[in-house]
Amino acid sequence: MAQVPQTFLDALAVRTWCGLALRSLGRAREEIDAINVYPVADGDTGTNLYLTLESATAAVEAVFAGHEEGDPSFADALRAMAHGALIGARGNSGTILAQLLRGMSLALTEGDVSHVDGTALRRALRRAADAAREAVAHPVEGTVLTVASAAADAADAADAADGAEGDCGTVVVAAYEGARAALAATPRQLAVLGRAGVVDAGGRGLVTVLASLVEAVTGEAVPERTYEGSAGADVCPDAPEHAGEGGPAYEVIYLLEADDAAVARLRERLDALGDSLVVVGGDGLWNVHVHVDDAGAAVEAGVEAGRPYRIRITHFALDDVHTGGERPPREPVQRAVVAVVPGEGLAGLYAEAGATTVLARPGEPPASGELAQALRRAHAREVVLLPNDAELRHTAAAAAEQVRAEGVRVALIPTRSAVQGIAALAVHEPERRFDEDVVQMTSAAGATRYAELLVAEHRSWTTAGICQAGDVLGLIDGDVAVIGPDLTGTAETVLDRMLQAGGELVTLVVGDDAPKAVADRLEARVRESYLAVDTVVYRGGRQGAPLLIGVE
């Protein structure tokens, strides 16, 4: 029997909404991925929405777990949902969903309230839709933005109807129906959708989230609907083309700690660099998403604005980006490389070489789930995984095994340093047989000795003796080999020891914390003392070690 419509939204309803939405997106993920043709036909919108909601749900569950007696406040639950979505937002669609939830949270948590009624919820839906549009540099109709606005319009009309004012059930049902109607019309608004005979994937995900809100409030599940071919043969002749025909090569996403003024400047710079720019958040924490040809420049812009972290750079498969959507968007490439990198500079370097990257900051190693998602994001039948850290070998192995079970061929090369990964990537040839390519990459990595220069944080015993806080430690192949008073002098000693065993190429990865002259000093030393050895220098950005050295 149908339940009486609920007249308010409280903390428990927020928790229920999260759980239902996560379950529904899990069921619809593959369908949504399959219809993803805008803004890039990379087939991951459903997955990105699911991961964004998963982060939001985990944050809400953590708030409830922290209250052993009774439930958390409505404001705490809703803010947790919005914050979780912000820090876990993936892709263009996930970033917009995070802003929608943030807009709702800001509207519903003004003042100390334990619950809100339908009128407040209607206002929140409007604020959410407006906030999402403001976050997108160049809003396009026929997308999730259109669907969100239609939901808000329908909620306004329902709340104004006689006898319905303040009823949550009436408002959420109207919002869902308005969103569903708008979604069915998206192929008539955006030509790329009409040609493919699909609705907007992001809008499809939002309709799923709103259907879950209906169930959370009314207690009645919304029948699942499909949208294949909706209005596909009825494309408006004036519908804009917009998407899919020769777009940028990389997707760059990162969290950013910065003030409002710096973010305003960042928007202008990123807008000039690429497209699909979405910047969401506030109060010092932002989620930045952009498609660019120069991934390094997008990351550098973030560094200038504040502190970027959790940086994810994806190299779009050229076949998917530049075909104009003429073939099925989910066709994977044959082979890809996924690499864990310790700094923003290397993330750009690896991405330019065609790798999908996962950034590992000090104290923030990626979990197996994050690595598994990066392997999926590579969207290839065969993937080479470079963990670039001995401590990640078990995590990387677990991620590889998880994705292998999904039918992807994954080879884990046990690289222990980013310089070994660079050596492996340098000999990578996608045209070779997979096994041969893996053997060559493994051989190149294994032939590369690696070192890193670190600053000791406290007094301790090492394999080279006792070090004091502030001493520079030179680690060769993972063991402390040299202890010195300054980084440049210690690096020269480390390099000499490494080259005593021979070598043809020295690779230097210089972090932001290294002395400016260290690269010049080391290059000069190689030229003067090792005539047959070449040197290449890369800027690593904010990496854990001030200096990485590779000798091969």
Side-chain angles (χ1 to χ4, degrees), residues 1-27 49-89 94 97-128 131 151 155 159 165-176 205-206 208-222 280-283 285 287:
M1 187 174 75
Q3 295 183 6
V4 175
Q6 188 167 318
T7 57
F8 59 87
L9 189 73
D10 60 6
L12 186 58
V14 170
R15 184 187 195 184
T16 302
W17 180 24
C18 282
L20 291 171
L22 185 63
R23 185 185 66 186
S24 296
L25 283 173
R27 289 197 301 260
L49 287 169
Y50 178 84
L51 292 171
T52 302
L53 224 298
E54 184 179 49
S55 180
T57 302
V60 172
E61 290 299 326
V63 168
F64 271 82
H67 287 72
E68 297 181 359
E69 297 182 4
D71 294 336
S73 70
F74 170 67
D76 284 346
L78 200 56
R79 285 172 184 147
M81 185 181 186
H83 182 73
L86 175 66
I87 64 174
L97 176 61
Q99 187 71 346
L100 288 167
L101 295 177
R102 175 177 168 80
M104 289 188 67
S105 174
L106 291 174
L108 295 176
T109 57
E110 295 174 343
D112 185 15
V113 295
S114 61
H115 60 272
V116 295
D117 63 8
T119 298
L121 185 56
R122 180 259 300 172
R123 292 171 182 156
L125 290 169
R126 172 59 61 196
R127 184 162 179 177
D159 192 45
E165 186 173 352
D167 179 65
C168 259
T170 300
V171 168
V172 297
V173 169
Y176 164 73
L206 178 58
T208 300
V209 172
L210 289 174
S212 299
L213 180 58
V214 170
E215 185 174 357
V217 171
T218 68
E220 294 186 357
V222 175
V280 305
D283 302 320
L285 180 62
N287 193 305

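In this view, R123 satisfies the salt bridge (charged side-chain N to carboxylate O under 4.0 Å, His left out) rule with no residue, not counting sequence neighbours. Every residue meeting the salt bridge (charged side-chain N to carboxylate O under 4.0 Å, His left out) condition with R102, not counting sequence neighbours, appears here in chain and number order: D283.
The main-chain N or O of V280 is never found under 3.5 Å from a side-chain atom of N287 such that the two would form a donor-acceptor pair. Side chain of W17 to backbone of V209: a donor-acceptor contact under 3.5 angstrom is found. Using modelled atom types, no side-chain atom of S105 and backbone atom of L101 make a donor-acceptor pair closer than 3.5 Å.
L9 contributes atom CG, which lies 5.5 Å from atom SG of C168 (distance to the nearest 0.5 angstrom). Going from atom OG1 of T170 over to atom CG of L121 covers 11.5 Å, rounded to the nearest 0.5 Å. Here the CD-CD distance, from E220 to E215, works out to 9.5 Å after rounding to the nearest 0.5 Å. Of the inter-residue distances, the one linking L97 atom CG with L51 atom CG reads 11.5 Å to the nearest 0.5 angstrom. Distance check, rounded to the nearest 0.5 Å: OG1 of T208 to CG of L20 gives 12.0 Å.
Using a 4.5 Å cut-off on side-chain heavy atoms (C-beta onward), L213 and Y176 make no contact. Residues V217 and V171 have side chains not in contact (no heavy-atom distance under 4.5 Å, counting atoms from C-beta outward). Residues S24 and R27 form a side-chain contact, since some pair of their non-hydrogen atoms from C-beta on lies under 4.5 Å apart.
Listed by first and then second residue, the side chain to side chain donor-acceptor pair (under 3.5 Å) pairs involving residues 52-62 are R15-E61 (not counting sequence neighbours).
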In sequence, state the C-alpha distance, the side-chain angles, and the governing distance for I87 and L285, and then conclude on side-chain contact (heavy atoms from CB on, under 4.5 Å).
CA-CA 9 Å; I87 64 174; L285 180 62; 3.9 Å; yes
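Checking V60, V14, V63 one by one against P72, the side-chain contact (heavy atoms from CB on, under 4.5 Å) holds for a single residue, V63.
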